[in-house]
Amino acid sequence: MSHTLLLIGCGNMGFAMLRGWLREDPTLTVHVVEPADALRDRAAGVGALAVPQLADLPQGLVPEVVFVAVKPNLVEMVLAGCGDFAARGATFVSVAAGVTTAAMAHRLPGGASIVRCMPNTPAAIGEGMMVLYARVDVSDAAKTLVASLLATSGMVAWIDDEAQMDAVTAISGSGPAYVFHFIEALTDAGIALGLPAKTAALLAKQTVLGAGRLAMEADVDPATLRRQVTSPGGTTAAALNVFMSDERTEKLVAEAARAARDRSIELGKSN
Ligand SMILES: NC(=O)C1=CN([C@@H]2O[C@H](COP(=O)(O)OP(=O)(O)OC[C@H]3O[C@@H](n4cnc5c(N)ncnc54)[C@H](OP(=O)(O)O)[C@@H]3O)[C@@H](O)[C@H]2O)C=CC1
Ligand SMILES: O=C(O)[C@@H]1CCC=N1
């Protein structure tokens with residue numbers, strides 16, 4: 001069924017979602033507000049109707065869902081200009097790290113329908129992890145619509161405790177960057193061991209892709225999959241001795257995730 005959406009902010013995350021939506025459902029009408037010329041052109045290129053500011057949107061526009069994908073410090077300012085959409089029944093979905101639904105509600109008329117989402121950039125190819133939290137007064141119909149729209153971007157999961165959103169941000173929101181960093185490091189290691197750069201990059205990327213898909217599809221857990229690669233006294237054991245001695249990797253990843261979680265909490269406090 002065709003729906004009318006409004007996306008405010010079409011940078012890295014907004015565009016990743018936009019591309020996913022329009023690729024899956026070209027019948028959607030998506031209005032975009034984005035000040036940067038090049039990013040508006042990019043949005044128009046995938047079929048959106050893009051304008052530089054809210055005031056340029058068609059008079060009387062009735063978006064069913066307003067997605068807000070600006071930097072966290074701008075969310076409240078943007079929402080303050082969206083009262084008319086709330087009055088016309090829109091559901092508001094912010095993807096901003098740290099910005100609570102209470103802070104959003106503060107800028108919208110009473111009773112506004114508000115959902116918070118933590119997406120990630122693999123949404124651009126339909127492989128995102130889209131985690132949602134809805135305030136108690138959001139209707140089932142609105143939740144179903146938001147979830148079905150975001151399902152075009154990847155997997156959808158609901159949480160019922162908003163406080164968990166900071167941890168979600170640390171794991172799946174920021175997580176792709178950790179994996180990209182690992183790919184960079186694995187590529188560099190391959191080059192250092194004498195592989196051509198192109199070959200090293202291909203091996204690193206395909207290995208992460210294949211391992212991720214196997215972890216998702218296998219009926220055993222990742223620890224079992226790891227053991228299946230690790231011949232006693234073999235090459236993998238030699239490498240894992242480096243990764244696992246003194247729980248090095250677990251400690252590093254836990255420390256990194258805590259730093260992201262703490263930053264998400266800070267972002268929430270500064271808004
Ligand atoms: N990038 C990611 O992987 C993820 C990001 N997020 C969240 O998504 C949000 C956006 O992040 P990201 O896409 O990376 O940031 P970007 O800076 O790439 O995108 C934000 C866009 O919003 C535009 N913008 C600024 N002011 C307005 C306004 N008043 N109206 C409309 N658009 C405006 C910016 O334009 P200009 O630059 O010209 O100011 C920019 O193009 C953040 O809140 C972040 O926490 C969540 C999960 C993952
Ligand atoms: O780095 C950030 O703050 C955003 C939120 C999650 C991923 N990117």
Side-chain angles (χ1 to χ4, degrees), residues 5-21 30-46 48-57 61 63 66-85 92-101 103-104 107 114-125 127-133 150 153-157 159 162 164-181 256-271:
L5 314 180
L6 171 59
L7 170 65
I8 304 178
C10 198
N12 293 314
M13 196 59 245
F15 185 69
M17 293 193 299
L18 177 71
R19 218 163 78 169
W21 297 331
V30 188
H31 294 266
V32 166
V33 177
E34 167 55 59
D37 295 347
L39 301 190
R40 274 201 313 283
D41 289 348
R42 181 174 70 163
V46 296
L49 303 162
V51 297
Q53 48 185 2
L54 280 172
D56 300 319
L57 288 168
L61 179 69
V66 176
F67 286 91
V68 180
V70 297
K71 291 292 187 200
N73 63 319
L74 296 178
V75 171
E76 291 192 45
M77 186 270 285
V78 161
L79 289 177
C82 288
D84 287 351
F85 303 129
F92 291 81
V93 182
S94 159
V95 302
V99 181
T100 62
T101 57
M104 293 170 69
R107 296 294 172 172
I114 297 175
V115 174
R116 190 169 157 195
C117 171
M118 183 43 57
N120 64 16
T121 53
I125 56 161
E127 292 290 352
M129 183 68 241
M130 321 299 282
V131 182
L132 296 171
Y133 168 80
L150 291 174
S153 306
M155 210 168 268
V156 172
I159 55 171
E162 186 172 5
Q164 291 175 355
M165 213 36 126
D166 298 308
V168 167
T169 304
I171 303 303
S172 57
S174 297
Y178 317 157
V179 177
F180 297 138
H181 186 50
R258 263 197 313 275
R261 188 273 318 265
D262 292 350
R263 181 63 188 139
S264 176
I265 293 171
E266 270 173 27
L267 285 171
K269 284 185 185 146
S270 60
N271 281 292

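Start at 1 with the first residue, then count along the sequence. Values below: every heavy atom of this structure, side chains too, minus hydrogens, waters and symmetry copies. Counting convention: from 1, in listed order, for ligands and their atoms alike.
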task: Check the pair Arg40, Val32 against side-chain contact (heavy atoms from CB on, under 4.5 Å), reporting the backbone distance first and the verdict last.
output: CA-CA 8 Å; Arg40 274 201 313 283; Val32 166; 5.5 Å; no

- request: Go through the steps for Leu7 and Phe15 under the test side-chain contact (heavy atoms from CB on, under 4.5 Å), then give the verdict.
  value: CA-CA 9 Å; Leu7 170 65; Phe15 185 69; over 6 Å; no

- prompt: Are Val33 and Leu6 close enough, and set up right, to give a side-chain contact (heavy atoms from CB on, under 4.5 Å), and what steps lead you there?
  reply: CA-CA 8 Å; Val33 177; Leu6 171 59; 3.9 Å; yes

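From the protein, the heavy atom lying nearest to atom 1 (O) of ligand 2 is Ser174 OG, 4.6 Å. Gly173 O, 3.4 Å is the protein heavy atom nearest to atom 7 (C) of ligand 2.
A salt bridge does not link Lys269 with Glu266: every distance from a Lys NZ or Arg NE/NH1/NH2 to an Asp or Glu carboxylate oxygen is 4.0 Å or more.
A side-chain donor-acceptor contact under 3.5 Å links Glu34 to the backbone of Ala36.
Protein residues are said to neighbour a ligand when one of their heavy atoms lies under 4.0 Å from it; for ligand 1 these are Ile8, Gly9, Gly11, Asn12, Met13, Val33, Glu34, Pro35, Leu39, Ala69, Val70, Lys71, Pro72, Leu74, Val78, Val95, Ala96, Ala97, Met118, Pro119, Thr121.
Screening Val68, Val115, Ile114 for a side-chain contact (heavy atoms from CB on, under 4.5 Å) involving Met104 leaves a single residue, Ile114.
When only modelled atom types and interatomic distance are considered, Thr100 and Glu162 share no side-chain donor-acceptor pair under 3.5 Å.
The nearest protein heavy atom to atom 4 (C) of ligand 2 is not closer than 4.0 Å.
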